[in-house]
There are 2 protein chains.
Amino acid sequence: MAVTMNDVARAAGVSLKTVSNVLNDYEFIRPSTKQRVHDAIAELGYEANLTARSLRSGKTRMLGLVLSDLSAPYYAELASRLMTVASRRGYRVLVEQSGGAADNELTALQGPFRQLTDGLLFTPLAMDADAVAARRGSKPVVLLGEHILDPRFDVVTMKNEEAAEAVTAHLLAGGRRRIAVMGAHAEESAGSPGLRLKGYRKALDEAGIVFDPALVAPCGWRRDGGASAVAGLLDSGVPFDAVFGLNDTLALGAMHELLIRGVSVPQDVAVAGFDDIAEARFASPSLTTVSPGMDEIAERSVGLLIDRIEGLKPEDDGVHVEAGFVLTVRESAP
Amino acid sequence: MAVTMNDVARAAGVSLKTVSNVLNDYEFIRPSTKQRVHDAIAELGYEANLTARSLRSGKTRMLGLVLSDLSAPYYAELASRLMTVASRRGYRVLVEQSGGAADNELTALQGPFRQLTDGLLFTPLAMDADAVAARRGSKPVVLLGEHILDPRFDVVTMKNEEAAEAVTAHLLAGGRRRIAVMGAHAEESAGSPGLRLKGYRKALDEAGIVFDPALVAPCGWRRDGGASAVAGLLDSGVPFDAVFGLNDTLALGAMHELLIRGVSVPQDVAVAGFDDIAEARFASPSLTTVSPGMDEIAERSVGLLIDRIEGLKPEDDGVHVEAGFVLTVRESAP
DNA sequence: CTGAAAGCGCTTACAG
DNA sequence: CTGAAAGCGCTTACAG
């Protein structure tokens, strides 16, 4: 079988505990002892059994990441960064796809997934704050991307409202007056869609433009959603001179549909998105959008979660982090 | 503390072993006993401790997935599907990003990552077949996406050569004669780049067109790689009337650069890619590409790996699966 | 600084 | 069909 700590202890002529101490960087070990243990480890090719360690210590050194769909570019890019940051602190990331469904989110929050992980990075799309609070369990949870202003939670998010306002203000500054919004209901108030819509309305107010609900098109936050939504708007005959997609993929879907129908971008209709996924810069025309500080979100959320896990952060009220954003102007809305 | 099997056994008035038998669907248990155990489990809210189970059984019910970068659209889409398929058979997927670097691939193959997983889905980008064979360890490994025709390995891949040939033949059929290839060296023979280049050359041969190494531009398989490569080609003055990007992201980067420079697609230069990522359909113009059967790859690779893990497949020679492909013609190369 | 013992919560042979 | 015991390989108190 595999080499165990016992084998190492025997080879080094010390007790099991001493080997464990060496492996766990316990301070007070005689250098010569330490050396003998390290020699034995090298000689035998010993590797610690992580499962046994987990069983005894109750820690897995894995972080759970719950998101709707890893194939969505924003989540793929975020997951990749989170993994990189976590690995620098010696943690792995285990991903669970919820599909944005409440029952899957609940399972991820309460089921065996929690056992496998020391803490959770959770993007709640279907569950609300109270539901999460009631089922959060005892291990640390950091909410991601949602702006739940709730002292019960650690939240790392982006400036949804301010960034959406900046995008809208930019479109207005470019002379657009009929800005269609895709990806929300006209009365939406919760979650990212609600906050971004609020930013949009705020910019309109600032400019003294009356909000027109006919310009708000609900749709899924994916390419096909944006394409259908813009098609519906064109077919309905509602005039518009700009499209603000509440995320980049749907903005790109909308732009595709516009171009197919012979609407030129940005001459006839300007298009802007939200997220600055890698694709935005290389779209044709390239997409004006907002970079919501993904690196900062990754860095801060993983850092905060691990600090909680390791007890480095006092268990006070929830910490709220809002990453900075940058408006990135490109060809689709100069 | 948490409820254990012991608590359940006591509550149900049976031994530990009987509870274990019930949990593991052992056949010969009296229905009444089974019922009592299930009642006790429900009453106490018992959940099996997965770590303890792993330590004793030596199985984690996790599959490892090693790929270069989860933020690359092809890998993101693949990972998402692999997770979905695995979860249907009761397995989770733990992802490790290698960045395409040999040392990271080696670590993933030999390090603690292997302990955490019962088997590996491995995309070798830097390591060759012999290196992998020498370090594969004792647990099952299924190679993904690479066409290593080696009986030592289970391999699930795509028809790299045939698909690339089909793309090239399509461009030729459209009247293109100077087809630039991006993403390989002119003498490349290994891995996906080599095979796709081979397919390209084969199609040229069929059409009686002489291979021109000046049309082959090496570059990274990302958007910026494709953009730089096409820029280099344009600057060099080498004439070409089509671009075949060896994957979609680089083809899209190339297309972006062409359009920026006022080269119209497909009128002046046709563009085709490889992978059919979600973005290809919504690009402007939409991208002609080849769908390499990702669903089939996900289904077959996970199925094969789990069969190996569970001993359902005799340990004979490596199984080789080549998923079917579909040429998807769109606006960029009609 | 180091040791001997206990135990994390399961599954695995081995009995009966 | 079910039970009592052993043990997977570590870490954790507890001693000294």
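A, B, ... follow the sequence lines: proteins, then strands. Residue 1 opens every chain. These numbers come from a predicted model, not from an experiment.
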Q: Which residues satisfy the side chain to side chain contact (heavy atoms under 4.5 Å, CB included) test with A:Ser87, sequence neighbours excluded?
A: none

Q: Tell me, please, which residues at least two apart from B:Asp154 pass side chain to side chain contact (heavy atoms under 4.5 Å, CB included).
A: B:Val142, B:Leu304, B:Arg308, B:Val319

Q: Decide yes or no on side-chain contact (heavy atoms from CB on, under 4.5 Å) for A:Leu65 and A:Leu121, but give the supporting numbers first.
A: CA-CA 5 Å; A:Leu65 172 62; A:Leu121 297 165; 3.9 Å; yes

Q: For B:Arg81, give me all partners under salt bridge (Lys or Arg N to Asp or Glu O under 4.0 Å), at least two apart in sequence or on another chain.
A: B:Asp295

Q: Using the 3.5 Å cut-off, write out each protein N or O paired with an N or O of nucleotides 2-5 of chain C and the distance between them.
A:
from  : atom 1 : to      : atom 2 : distance (Å)
C:dT2 : OP1    : A:Thr33 : OG1    : 2.5
C:dT2 : OP2    : A:Arg30 : N      : 3.3
C:dG3 : OP2    : A:Ser15 : N      : 2.8
C:dG3 : OP2    : A:Ser15 : OG     : 3.0
C:dG3 : OP2    : A:Thr18 : OG1    : 2.6

Q: Base of D:dG7, side chain of B:Arg56 - is there a donor-acceptor contact under 3.5 Å?
A: yes

Q: Using the test side-chain hydrogen bond (donor to acceptor under 3.5 Å, both in side chains), find all partners of A:Lys59 that sit at least two apart in sequence or belong to another chain.
A: none

Q: Would you please name every residue forming a side chain to side chain contact (heavy atoms under 4.5 Å, CB included) with B:Ser15, sequence neighbours left out?
A: B:Lys17, B:Thr18

Q: How many whole angstroms separate atom CZ of B:Arg61 from atom P of C:dT11?
A: 12 Å

Q: Can you tell me if the side-chain N/O atoms of B:Ser20 get under 4.0 Å from OP1 or OP2 in C:dT11?
A: yes

Q: Residues in side-chain hydrogen bond (donor to acceptor under 3.5 Å, both in side chains) with B:Gln115, at least two apart?
A: none

Q: Provide, to the nearest angstrom, the distance between the CZ atom belonging to A:Arg10 and the P atom belonging to D:dG9.
A: 12 Å

Q: Pairs counted only when both distances fall under 3.5 Å, Watson-Crick or G-U: show me the 5' to 3' dot-bracket for DNA chain D, [ ] for pseudoknotted crossings and | for other-strand partners.
A: |||.||||||||.|||

Q: If I take atom CG in residue A:Leu55 and atom C1' in nucleotide D:dC8, what distance separates them, rounded to the nearest angstrom?
A: 9 Å

Q: Could you state the atom-to-atom distance from CG of A:Asn6 to C1' of D:dG7 in whole Å?
A: 12 Å

Q: Calculate the interatomic distance between A:Leu23 atom CG and D:dC10 atom C1'; express it in whole Å.
A: 10 Å

Q: Tell me which residues in residues 38-49 of chain B lie within less than 4.0 Å of DNA chain D, going by non-hydrogen atoms.
A: none

Q: Applying side-chain hydrogen bond (donor to acceptor under 3.5 Å, both in side chains), name anything that partners A:Arg92, two or more places apart in sequence or on another chain.
A: B:Glu96

Q: Kindly list each side-chain donor-acceptor pair under 3.5 angstrom involving residues 128-136 of chain B, sequence neighbours excluded, with atom names and distances?
A:
from     : atom 1 : to       : atom 2 : distance (Å)
B:Asp128 : OD1    : B:Asp130 : N      : 3.3
B:Asp128 : OD1    : B:Ala131 : N      : 2.9
B:Asp130 : OD1    : B:Arg152 : NH1    : 3.4
B:Asp130 : OD1    : B:Arg152 : NH2    : 2.7
B:Arg136 : NH1    : B:Arg152 : O      : 2.8
B:Arg136 : NH2    : B:Arg152 : O      : 3.4

Q: Within this structure, what is the CG-to-P distance between A:Asp7 and D:dC8, rounded to whole angstrom?
A: 11 Å

Q: Sequence neighbours left out, what passes side-chain hydrogen bond (donor to acceptor under 3.5 Å, both in side chains) with A:Arg114? Give chain and number order.
A: none

Q: Taking only Lys NZ, Arg NE, NH1 and NH2, and the carboxylate oxygens of Asp or Glu, determine whether A:Arg36 and A:Asp39 approach each other closer than 4.0 Å.
A: no

